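Predicted model only: the values in this text are computed from it and were never measured. Side chains are part of it too, since the values below use all heavy atoms of this structure and drop only hydrogens, waters and symmetry mates.
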Amino acid sequence: MAKILCVLFNDPVDGQPRRYAREDIPTIDRYPDGQSAPDPSAIDFTPGELLGSVSGELGLRRFLEENGHTLVVTSDKDGPDSEFERELPDADVVISQPFWPAYLSAERLEKAERLQLAITAGIGSDHVDLDAAGEKGVTVAEITYSNSISVAEHAVMQILSLVRNYIPSHRWVTDEAGWNIADATQRAYDLEGMSVGVIAAGRIGLAVLRRLQPFDLDLHYTDPERLPREVEEELGLTYQPDAESLATSVDVVSIHAPLHAGTEGLFDEELIGRMKRGAYIVNTARARICDRDAVVHALESGQLGGYAGDVWYPQPPEPDHPWRSMPHQGMTPHVSGATLAAQARYAAGTREILEKWLDGEPIRDEYLILESGKLADAYGSGGAKA
């Protein structure tokens, strides 16, 4: 029998909802590229429930315990005395979310003597040291495409919020109980006619471009793999050869690249300094693609007109993290891919993976990053591009 260690974010401050705002959520059977949505043999939850918090348990407890397995669920994930650290040595499976990541470092993987499978409930597994996991022969999987559109919608929302100066305007009628139109509009612009660039046109980046196209924009993108010509023509896209040329050509940059050696610290003081004065950055990818202090300085000096996103380092960030208090920002916790609809999909996908693994059957290719420690074919060929 297997021990499954699941790390989830904390419950709501006032406890699990007694009633939800909506009675149901739309059913998504297939994603835009034709990939089918998660398809477990059954689910023990109602789609639209809060599943990603500790009490939600991703809807897994009944399924696992009825089959003789052990499920440990915790939100206590950081530090040598955390429950995660204590339970890790004899865990066969670790489940984590990118919004509340349990960092599987090389040191932790060495302690995890029985670990065979690491599942990201969602997409984005850079909290797992893939080199160390590979050496240990661990399978690493994530629920590909489960929340890609959720993130794309969040990015578009934050672009509009920054350009239209929405958050300060909202505060005038709530925090200030005022009606100060001049104060609210002195930093408000139309998105129409601006140039917007997307860095990495994978599943999320392309979805952002498709959602922005009706706004009558000058759309740019960069990606190691150029999109088909018919897609460029359909959306009116300008291809940029690299991030630097894109960033210096547009009014708004939306980042959707993975974190790796080539993207870490990409938006530093030098590159941000070469962007148009008053340009905006939205980063729903990974925080370390942008230099923390360079972003703060650029907002304070006016070089950047605004910065928004929902990714931080570490997650959660310390209370005095400067991105909490910097001006002209629209930061959120890492919630872009954790809508109730997305939670239903990645909870179902997590169960699908567990069913296959526990029965000794193959996990579907599109979910795999490492298979028994080896880079999976679909991931290596770009099939796992977010």
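Counting non-hydrogen atoms of other residues, nucleotides and ligands closer than 6.0 Å to OH of Y166 gives a total of 12 or fewer. Other residues, nucleotides and ligands contribute over 12 non-hydrogen atoms within 6.0 Å of the CD atom of E230. Heavy-atom neighbours of D175 CG from other residues, nucleotides or ligands within 6.0 Å: above the threshold of 12. Remark: K356 NZ is loosely packed, at most 12 non-hydrogen atoms of other residues, nucleotides or ligands lying under 6.0 Å away. By the 6.0 Å contact criterion, CZ on R62 is open, its count of non-hydrogen atoms from other residues, nucleotides or ligands being 12 or less. Residue R171 places its CZ atom among 12 or fewer non-hydrogen atoms of other residues, nucleotides or ligands, all under 6.0 Å distant.
Between the Q343 side chain and the G52 main chain, a donor and an acceptor come within less than 3.5 Å of each other. Between the side chain of D11 and the backbone N or O of S53, no donor-acceptor pair lies under 3.5 Å. A donor-acceptor pair is defined here as one N or O able to donate and one able to accept, closer than 3.5 Å; such a pair exists between the side chain of R211 and the backbone of A207. With N67 contributing its side chain and H69 its backbone, the two residues share no donor-acceptor pair below 3.5 Å. R203 places no side-chain N or O within 3.5 Å of a backbone atom of T144 that could act as its donor or acceptor partner. Judged by distance alone, the side chain of T222 and the main-chain N or O of Q240 form a donor-acceptor pair under 3.5 Å. Q315 places a side-chain N or O within 3.5 Å of a backbone atom of P98 that can act as its donor or acceptor partner.
Using modelled atom types, one finds no donor on one side chain facing an acceptor on the other under 3.5 Å when comparing T263 with R288. Remark: the S82 side chain and the D76 side chain contain no N/O donor-acceptor pair separated by less than 3.5 Å. Using modelled atom types, one finds no donor on one side chain facing an acceptor on the other under 3.5 Å when comparing E371 with T139. Inspection of the D310 and T284 side chains reveals no N or O donor paired with an N or O acceptor under 3.5 Å. Looking at S75 and N10, their side chains do bring a donor and an acceptor atom within 3.5 Å of each other. Side-chain contact check for E232 and Y221: at least one donor-acceptor pair (N or O, by modelled atom type) lies under 3.5 Å. Looking only at atom types and distance, the side chain of E87 has no donor-acceptor partner in the side chain of T74 under 3.5 Å away.
Residues I149 and M157 fall into different hydrophobic clusters, defined by Ile, Leu, Val, Met, Phe, Trp and Tyr side chains chained together at heavy-atom separations under 4.5 Å. Residues Y189 and W172 fall into different hydrophobic clusters, defined by Ile, Leu, Val, Met, Phe, Trp and Tyr side chains chained together at heavy-atom separations under 4.5 Å. No single ILVMFWY cluster, assembled from side-chain heavy atoms under 4.5 Å apart, contains both L160 and I167. Under the 4.5 Å side-chain contact rule for hydrophobic residues, L88 and V72 share a cluster.
Across all their heavy atoms, Y31 and S146 have their closest contact at OH-CA, 3.5 Å. Contact detail for A155 and S254: the closest heavy-atom pair is CB-OG, 4.0 Å. The two residues F45 and G59 have their closest heavy-atom pair at CD2-CA, 4.0 Å.
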Kindly list each side-chain donor-acceptor pair under 3.5 angstrom involving residues 113-127, sequence neighbours excluded, with atom names and distances?
residue	atom	partner	partner atom	Å
R114	NE	D92	OD1	3.3
R114	NH2	D92	OD1	3.3
R114	NH2	D92	OD2	2.6
T120	OG1	S125	OG	2.7
S125	OG	E142	OE1	2.6
D126	OD1	R286	NE	2.5
D126	OD1	R286	NH2	3.2
D126	OD2	R286	NE	3.3

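Each of I28, I25, I143 was evaluated against R345; a single residue qualifies, I28, per the side chain to side chain contact (heavy atoms under 4.5 Å, CB included) test. Under the side chain to side chain contact (heavy atoms under 4.5 Å, CB included) test applied with D183, the options N180, I181, T185 reduce to a single match, N180. Among the candidates I4, D44, V73, the single residue satisfying the side chain to side chain contact (heavy atoms under 4.5 Å, CB included) test with R61 is V73.
Its side chain within the 4.5 Å cluster rule, I255 clusters with I199, L246, V250, V253, L259, L266, F267, L271, I272, M275, I281, I289, V295, V296, L299, L304, Y307, W312, W323, M326, M331 among the Ile, Leu, Val, Met, Phe, Trp and Tyr residues.
A salt bridge does not link E110 with K136: none of the charged nitrogens is closer than 4.0 Å to a carboxylate oxygen. Taking the charged nitrogens against the carboxylate oxygens, K111 and E85 do have a contact shorter than 4.0 Å, which makes a salt bridge. Salt-bridge annotation for D129 and R108: absent, with no side-chain N of the basic residue lying under 4.0 Å from a carboxylate O of the acidic one. For the pair R274 and E270, the salt-bridge criterion is met [side-chain N within less than 4.0 Å of a carboxylate O].
For the pair P168/R187, no side-chain contact is recorded, criterion being any heavy-atom separation below 4.5 Å from C-beta on.
Note that CD1 of I95 and CZ of R351 are 12.0 Å apart. Values are rounded to the nearest 0.5 Å.
For D131, there are no side chain to side chain donor-acceptor pair (under 3.5 Å) partners, not counting sequence neighbours.
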Take V208 and H256 through the side-chain contact (heavy atoms from CB on, under 4.5 Å) test and state the conclusion after the steps. CA-CA 9 Å; V208 169; H256 304 286; 3.6 Å; yes
For a side chain to side chain donor-acceptor pair (under 3.5 Å) check, start with the C-alpha distance between E366 and Y145, then their side-chain angles and the critical distance, and finish with the verdict. CA-CA 9 Å; E366 55 261 40; Y145 227 147; over 6 Å; no
Which is it for L50 and Y20 under the side-chain contact (heavy atoms from CB on, under 4.5 Å) test, yes or no, and what are the steps along the way? CA-CA 9 Å; L50 183 58; Y20 289 87; 3.6 Å; yes
From CA spacing to verdict: side-chain contact (heavy atoms from CB on, under 4.5 Å), E192, F215: CA-CA 6 Å; E192 181 185 20; F215 283 87; over 6 Å; no
